[in-house]
Amino acid sequence: MREIADMRISFIGAGRVAHHLASALKSQHQIVQIYSRTWEKTQQFAAQVAAQPCRSLTALNSDIDLLILAVSDQSIATIIAEVAPLLPNVLIVHTSGSTDLQRLQQHHPRSGVFYPLQTFSLEREIDWKQTPLFVEAAVEEDQQCLLQLAQQLSDRVYAYSSQQRLSLHLAAVFACNFANSCYDMSKQIVDQTQVDFSLLYPLILETAAKATQNDPKTMQTGPAVRGDVNILQMHQSILTDLQRPDLAEVYALMSQQIMQRHQAE
């Protein structure tokens with residue numbers, strides 16, 4: 001393997017994770033090839049990172065140090081089965097939080113994981129120094145390589161097992177995906193009543209700040225934690241008047257969970 005400061009890296013995938021990761025790595029490493037299912041996206045992405053667009057998996061260059069599979073979880077097993085025979089000596093990693101290393105290892109002995117715990121959007125830059133990166137590899141030498149590569153990007157690098165990584169990914173769905181869905185539901189409510197959603201920004205930011213600086217349980221506020229049945233019923237009535245039984249169902253379920261969590265207190 002070449003020196004860690006000068007790796008030849010190719011990507012399969014042209015989505016948000018691939019864009020951010022390749023853009024971050026290209027300052028210290030060479031991005032050799034890009035392959036994705038959509039040729040137009042492949043060409044655009046390759047041009048952005050000074051790489052060669054690749055029309056097919058069989059056209060992948062085997063003279064690389066690392067292949068990164070930045071694809072959906074359901075595609076990982078299929079792709080590794082196809083590319084492993086083509087790149088028998090190359091370290092191949094995926095970027096998934098919820099796919100076990102074994103899914104790669106059963107097809108390819110030099111396999112690993114390079115998982116950034118972050119939410120990615122093309123519209124926003126990533127602070128890589130503060131983004132936790134989790135690595136795992138089937139071979140110790142490869143794990144050390146991935147650790148060094150991760151440390152070039154982030155100050156928060158961890159060697160976690162697949163089981164630990166899966167628990168983090170599950171927690172991240174609650175903390176990020178579900179939380180953002182709650183923001184969306186909030187916006188739907190105020191949009192229906194012609195209220196400016198930006199009025200909630202200070203509340204959202206303060207809530208996030210408290211949750212990251214304290215135990216979230218002790219920071220819980222609102223009518224459910226107080227057991228204020230009158231307010232809970234009034235909110236349910238408002239949602240009924242807005243003809244939003246879907247939001248009423250979510251409201252009831254989350255309120256019940258909060259009350260049960262704080263019942264003993």
Please find the pair of heavy atoms, one from [X] and one from [Y], that lie closest to each other, and give the distance.
{"X": "Leu87", "Y": "Ser62", "answer": "CD2-CA, 3.4 Å"}
{"X": "Ile80", "Y": "Pro85", "answer": "O-CD, 4.5 Å"}
{"X": "Tyr35", "Y": "Ser56", "answer": "CE1-CA, 3.7 Å"}
{"X": "Trp128", "Y": "Ala24", "answer": "NE1-CB, 3.4 Å"}
{"X": "Ala51", "Y": "Ile34", "answer": "CB-CG1, 3.9 Å"}
{"X": "Ser186", "Y": "Leu200", "answer": "CB-CD1, 4.1 Å"}

How far does [atom1] of [X] sit from [atom2] of [Y], to the nearest 0.5 angstrom?
{"X": "Leu66", "Y": "His29", "atom1": "CG", "atom2": "NE2", "value": "9.0 Å"}
{"X": "Asn61", "Y": "Gln33", "atom1": "CG", "atom2": "CD", "value": "5.0 Å"}
{"X": "Phe120", "Y": "Ile126", "atom1": "CZ", "atom2": "CD1", "value": "5.0 Å"}
{"X": "Leu69", "Y": "Ile79", "atom1": "CG", "atom2": "CD1", "value": "6.0 Å"}
{"X": "Gln28", "Y": "Ile9", "atom1": "CD", "atom2": "CD1", "value": "10.0 Å"}
{"X": "Ile76", "Y": "Ile92", "atom1": "CD1", "atom2": "CD1", "value": "12.0 Å"}

Ignoring hydrogens and angles, tell me if any N or O in the side chain of [X] forms a donor-acceptor pair with the backbone of [Y] under 3.5 Å.
{"X": "Gln220", "Y": "Val225", "value": "no"}
{"X": "Thr207", "Y": "Leu203", "value": "yes"}
{"X": "Arg8", "Y": "Val32", "value": "no"}
{"X": "His19", "Y": "Ala14", "value": "yes"}
{"X": "Ser154", "Y": "Gln151", "value": "no"}
{"X": "His107", "Y": "Glu82", "value": "no"}
{"X": "Ser255", "Y": "Ala224", "value": "no"}
{"X": "Thr212", "Y": "Ala208", "value": "yes"}
{"X": "Arg165", "Y": "Ser96", "value": "yes"}

Is the shortest heavy-atom distance from the side chain of [X] to the side chain of [Y] under 4.5 Å?
{"X": "Ile189", "Y": "Leu239", "result": "yes"}
{"X": "Cys176", "Y": "Asn180", "result": "no"}
{"X": "Ser181", "Y": "Met185", "result": "yes"}
{"X": "Gln152", "Y": "Gln148", "result": "no"}
{"X": "Phe11", "Y": "Leu21", "result": "yes"}
{"X": "Glu141", "Y": "Gln144", "result": "no"}
{"X": "Val113", "Y": "Phe134", "result": "no"}

With the 4.5 Å side-chain cut-off for hydrophobic clustering, are [X] and [Y] part of the same group?
{"X": "Tyr201", "Y": "Val190", "answer": "yes"}
{"X": "Tyr160", "Y": "Leu166", "answer": "no"}
{"X": "Ile231", "Y": "Met259", "answer": "yes"}
{"X": "Phe114", "Y": "Leu101", "answer": "no"}
{"X": "Leu247", "Y": "Val195", "answer": "no"}

Contacts of Lys26 that satisfy salt bridge (Lys or Arg N to Asp or Glu O under 4.0 Å) - sequence neighbours left out: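 Result, salt bridge (Lys or Arg N to Asp or Glu O under 4.0 Å) vs Lys26: none returned.
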Counting only heavy atoms not in [X], do more than 12 sit closer than 6.0 Å to its [atom1] atom?
{"X": "Arg37", "atom1": "CZ", "answer": "no"}
{"X": "Met254", "atom1": "CE", "answer": "no"}
{"X": "Gln188", "atom1": "CD", "answer": "yes"}
{"X": "Glu40", "atom1": "CD", "answer": "no"}
{"X": "Lys210", "atom1": "NZ", "answer": "yes"}

Yes or no on side-chain hydrogen bond (donor to acceptor under 3.5 Å, both in side chains) for Ser36 and Thr38, after CA distance, side-chain angles and deciding distance? CA-CA 5 Å; Ser36 78; Thr38 307; 5.1 Å; no
Which is it for Leu60 and Ile12 under the side-chain contact (heavy atoms from CB on, under 4.5 Å) test, yes or no, and what are the steps along the way? CA-CA 10 Å; Leu60 287 170; Ile12 294 180; 4.1 Å; yes
Full working for side-chain hydrogen bond (donor to acceptor under 3.5 Å, both in side chains) between Gln44 and Gln48: CA-CA 6 Å; Gln44 292 173 350; Gln48 290 173 15; 5.8 Å; no
Could you walk me through whether Gln236 and Leu232 pass the side-chain contact (heavy atoms from CB on, under 4.5 Å) test, one step at a time? CA-CA 6 Å; Gln236 289 279 18; Leu232 294 174; 5.7 Å; no
Checking side-chain contact (heavy atoms from CB on, under 4.5 Å) for the pair Leu146/Leu91: CA distance, chi angles, key distance, verdict? CA-CA 10 Å; Leu146 293 177; Leu91 172 58; 3.9 Å; yes
Report the residues that fulfil side chain to side chain donor-acceptor pair (under 3.5 Å) with Ser161, sequence neighbours left out, ordered by chain and then residue number.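 Only Gln164 meet the side chain to side chain donor-acceptor pair (under 3.5 Å) criterion with Ser161.
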Go through His20 and Gln118 one step at a time and tell me if the side-chain hydrogen bond (donor to acceptor under 3.5 Å, both in side chains) criterion holds. CA-CA 11 Å; His20 281 283; Gln118 187 55 275; over 6 Å; no
side-chain contact (heavy atoms from CB on, under 4.5 Å) between Leu25 and Leu149, intermediate numbers included: CA-CA 9 Å; Leu25 290 172; Leu149 184 64; 3.8 Å; yes
Salt bridge (Lys or Arg N to Asp or Glu O under 4.0 Å) assessment of Asp246 paired with Arg244: CA-CA 5 Å; Asp246 55 332; Arg244 294 305 303 266; 2.8 Å; yes
